[in-house]
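Working notes, beginning with the structure itself.
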Protein chains: 2
Amino acid sequence: MNSKPMSESTEMYLKAIAELDDRNSVAVARLAERLSVTNVSANEMVRRLGEQGLVLHKPYKGVTLTKKGRGVASNVLRRQRLWERFLHDHLKIEWAQVYDYACSLEHATAPEVTEALAVFLGHPEICPRGNPIPAEDGSFEPLDGILLSEVEVGTAVRVLAVNATATDVLKYLQERNILPGRELEIVEAAPMQGPLTLRVEKKEVALGLSLAKFVIVEPI
Amino acid sequence: MNSKPMSESTEMYLKAIAELDDRNSVAVARLAERLSVTNVSANEMVRRLGEQGLVLHKPYKGVTLTKKGRGVASNVLRRQRLWERFLHDHLKIEWAQVYDYACSLEHATAPEVTEALAVFLGHPEICPRGNPIPAEDGSFEPLDGILLSEVEVGTAVRVLAVNATATDVLKYLQERNILPGRELEIVEAAPMQGPLTLRVEKKEVALGLSLAKFVIVEPI
DNA sequence: TGTGATAATAAGGTTAGCCATAACATTTTT
DNA sequence: AAAAATGTTATGGCTAACCTTATTATCACA
Ligand SMILES: [Mn+2]
Ligand SMILES: [Mn+2]
Ligand SMILES: [Mn+2]
Ligand SMILES: [Mn+2]
């Protein structure tokens, strides 16, 4: 049917929408930000995607993926996260860099290669950053966790996933041991959008609130 | 120094030149043919590559890689052939399709990933098609074999490499067991550019002369 | 309810790689 | 040496994604 190959740009826009908010709508300006593109360019591209039936844009209300668009996005995420696993587990590439390298490979990966890779890896369910890997049909179980930025002081939590994508942010979190599987406790929350103080691996670290929004945790 | 990333198109032109004739020069029309592009387009691109110091174009005499251009081409070939190994040996993808899939991945592969892949694969020296994999510094030992199309009737030879890249050609050769490592004998050569008759694995097969030019062999 | 912030459009440009068609130059063949 | 084949260049066009600057529409809140 509709299986003409999508451009890298198209795939990245759709993936970005899915990553920013899978269920609700995403402001075009957020998309522009994430993709390092001007608002005007993002608007143009969103119009094109709309014409192809991949997104729905309600002006002033944001963009949403259509069924078709969500399908493509899931598939890109599948390729991306499978490659993340390969790069991390088999090529021993550093955790913080894996996203970036996988983000190039994802666009150069045919369906047959994707599925062969999944078999090779043993059908993993989550990527090194803790996010679920969509199945071939696009389905996946969303994480049920909360943002670290929303947790109350005194709570002990376990990190489920890190949703950042920029290498420098990932590196920053890695250096502070804020990684999937680690346990931590919120020691203090400074007022006025101030940083959190966390106890991680018996050390105290400060973490800005905007960074804490990248971290998904569950109470333990 | 000069390590701005090359476009996919640039990499493909340089690789095509290297594949068509590594040492001598290549007619721009052959390049156009290989890349499925018009002569005019290939000429334009060759001009651009010349301006960047990647090739030298002597009008009516063909294009040659400069030192810089050959460096890039070797590197693309390294990535390509390492991916071929991975796809074939680890993902179990069919021999005839591996070139094509690797040809997409090669452009999406950062140096660190390339080297990690080489380590993972155990620094292989040849790709599944029998061609040498250039080292990180671009060096490699050229095959010393002859074209199957040049072999005299009655000679027994071993296939060293298959230089085709199109999937349908590779599939055709694979079906006839003309694969690296196989031994075969030239039974007959029809006159007037006619087909060869070969004995392969105890069966006789006919092979057109133009296809025989893709096959590199050594006498045994 | 108005005003300032935010979002969208309009208009005009750029670049890389492609295309076709036509003119011109060189090489190869007869 | 002329004709045919092949290669090159000149022109003019196209598309996808980008850009800037200016204008207009809508939303949010004081
Ligand atoms: Mn990407
Ligand atoms: Mn390629
Ligand atoms: Mn315009
Ligand atoms: Mn032009």
Side-chain angles (χ1 to χ4, degrees), chain A residues 2 4-17 20-21 24-64 69 72-73 76 103-104 106-108 193, chain B residues 2-17 20-21 24-65 69 72-73 76 103-104 106-108 192-193 210:
Chain A
N2 57 339
K4 342 133 197 179
M6 307 267 161
S7 71
E8 172 159 348
S9 204
T10 295
E11 291 193 337
M12 285 306 285
Y13 272 83
L14 297 176
K15 188 180 83 164
I17 296 169
L20 285 168
D21 194 329
N24 306 303
S25 79
V26 172
V28 177
R30 292 296 80 59
L31 204 47
E33 209 172 73
R34 159 80 65 131
L35 296 166
S36 303
V37 140
T38 63
N39 273 14
V40 175
S41 297
N43 266 286
E44 280 175 357
M45 189 61 174
V46 162
R47 182 183 44 70
R48 271 176 242 133
L49 295 174
E51 285 164 3
Q52 295 173 259
L54 295 165
V55 303
L56 203 135
H57 181 206
K58 290 198 179 168
Y60 301 99
K61 297 295 174 188
V63 233
T64 334
V72 176
V76 178
C103 187
S104 297
E106 65 192 358
H107 312 289
Q193 316 280 48
Chain B
N2 57 339
S3 55
K4 346 134 198 186
M6 306 268 162
S7 71
E8 172 160 348
S9 204
T10 295
E11 290 193 339
M12 285 307 285
Y13 272 83
L14 298 176
K15 188 180 83 164
I17 297 168
L20 285 168
D21 195 327
N24 306 303
S25 78
V26 172
V28 176
R30 293 296 79 58
L31 204 47
E33 211 171 72
R34 159 80 64 131
L35 296 167
S36 304
V37 141
T38 64
N39 272 14
V40 175
S41 296
N43 266 285
E44 282 174 355
M45 189 61 174
V46 162
R47 182 183 44 70
R48 270 176 242 131
L49 295 173
E51 285 166 2
Q52 296 172 257
L54 295 165
V55 302
L56 204 134
H57 181 207
K58 290 198 179 168
Y60 302 99
K61 297 296 173 188
V63 236
T64 335
L65 293 171
V72 176
V76 179
C103 187
S104 297
E106 66 192 359
H107 312 289
M192 300 179 64
Q193 315 279 49
S210 50

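Just so it is clear: chains get the letters A, B, ... in the order the sequence lines come, proteins before strands, and each one is counted from 1. Predicted model, so just to flag it, every value in this text is computed and none were measured.
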Stepwise side-chain contact (heavy atoms from CB on, under 4.5 Å) test for M45(B) and T10(B): CA-CA 8 Å; M45(B) 189 61 174; T10(B) 295; 3.6 Å; yes
In the 5' to 3' direction, the nucleotides of DNA chain C bounding the stretch that comes under 4.0 Å of a heavy atom in chain B are dG17(C) to dT27(C)
Residue pairs passing the salt bridge (charged side-chain N to carboxylate O under 4.0 Å, His left out) test where at least one lies in residues 34-46 of chain B, sequence neighbours excluded: E19(B)-R34(B), E44(B)-R48(B)
Going by heavy atoms in the side chains, are L31(B) and V63(B) under 4.5 Å from each other? yes
Between M6(B) and V76(B), is any pair of side-chain heavy atoms under 4.5 Å apart? no
Looking at every strand, decide which applies to V37(B) at a 4.0 Å heavy-atom threshold: base, sugar-phosphate, or nothing. sugar-phosphate
Set out, in order, the CA-CA distance, both residues' side-chain angles and the distance that settles side-chain contact (heavy atoms from CB on, under 4.5 Å) for H107(B) and H107(A), then state yes or no. CA-CA 10 Å; H107(B) 312 289; H107(A) 312 289; over 6 Å; no
Check whether any side-chain nitrogen or oxygen of [X] sits under 4.0 Å from OP1 or OP2 of [N], and answer yes or no.
X	N	answer
S7(A)	dA17(D)	yes
Y13(A)	dC18(D)	yes
S9(A)	dC18(D)	yes

Atom [atom1] of [X] to atom [atom2] of [N]: distance rounded to whole Å?
X	N	atom1	atom2	value
L31(B)	dT8(D)	CG	C1'	14 Å
M6(A)	dA17(D)	CE	P	11 Å
M12(A)	dC18(D)	CE	P	10 Å

All side-chain contact (heavy atoms from CB on, under 4.5 Å) counterparts of E33(B), not counting sequence neighbours: R30(B)
Does any residue of residues 41-53 of chain B have a heavy atom under 4.0 Å from DNA chain D, and if so, which ones, in number order? N43(B)
How far apart are the closest heavy atoms of [X] and [Y], and which atoms are they?
X	Y	value
A29(A)	N39(A)	CA-OD1, 3.8 Å
T38(A)	A32(A)	O-CB, 3.9 Å
A42(A)	V37(A)	N-CG1, 3.7 Å
L65(B)	A73(B)	CD1-CB, 4.1 Å

In B/S/- notation (B base, S sugar-phosphate only, - none; protein heavy atoms under 4.0 Å), nucleotides 23-30 of chain D written 5' to 3' is --BSS---
Where at least one partner belongs to residues 49-61 of chain A, residue pairs that pass side chain to side chain donor-acceptor pair (under 3.5 Å), sequence neighbours excluded: R47(A)-E51(A)
Assert: residue with more 5' nearest nucleotide on DNA chain D, out of V40(B) and V40(A), is V40(B)
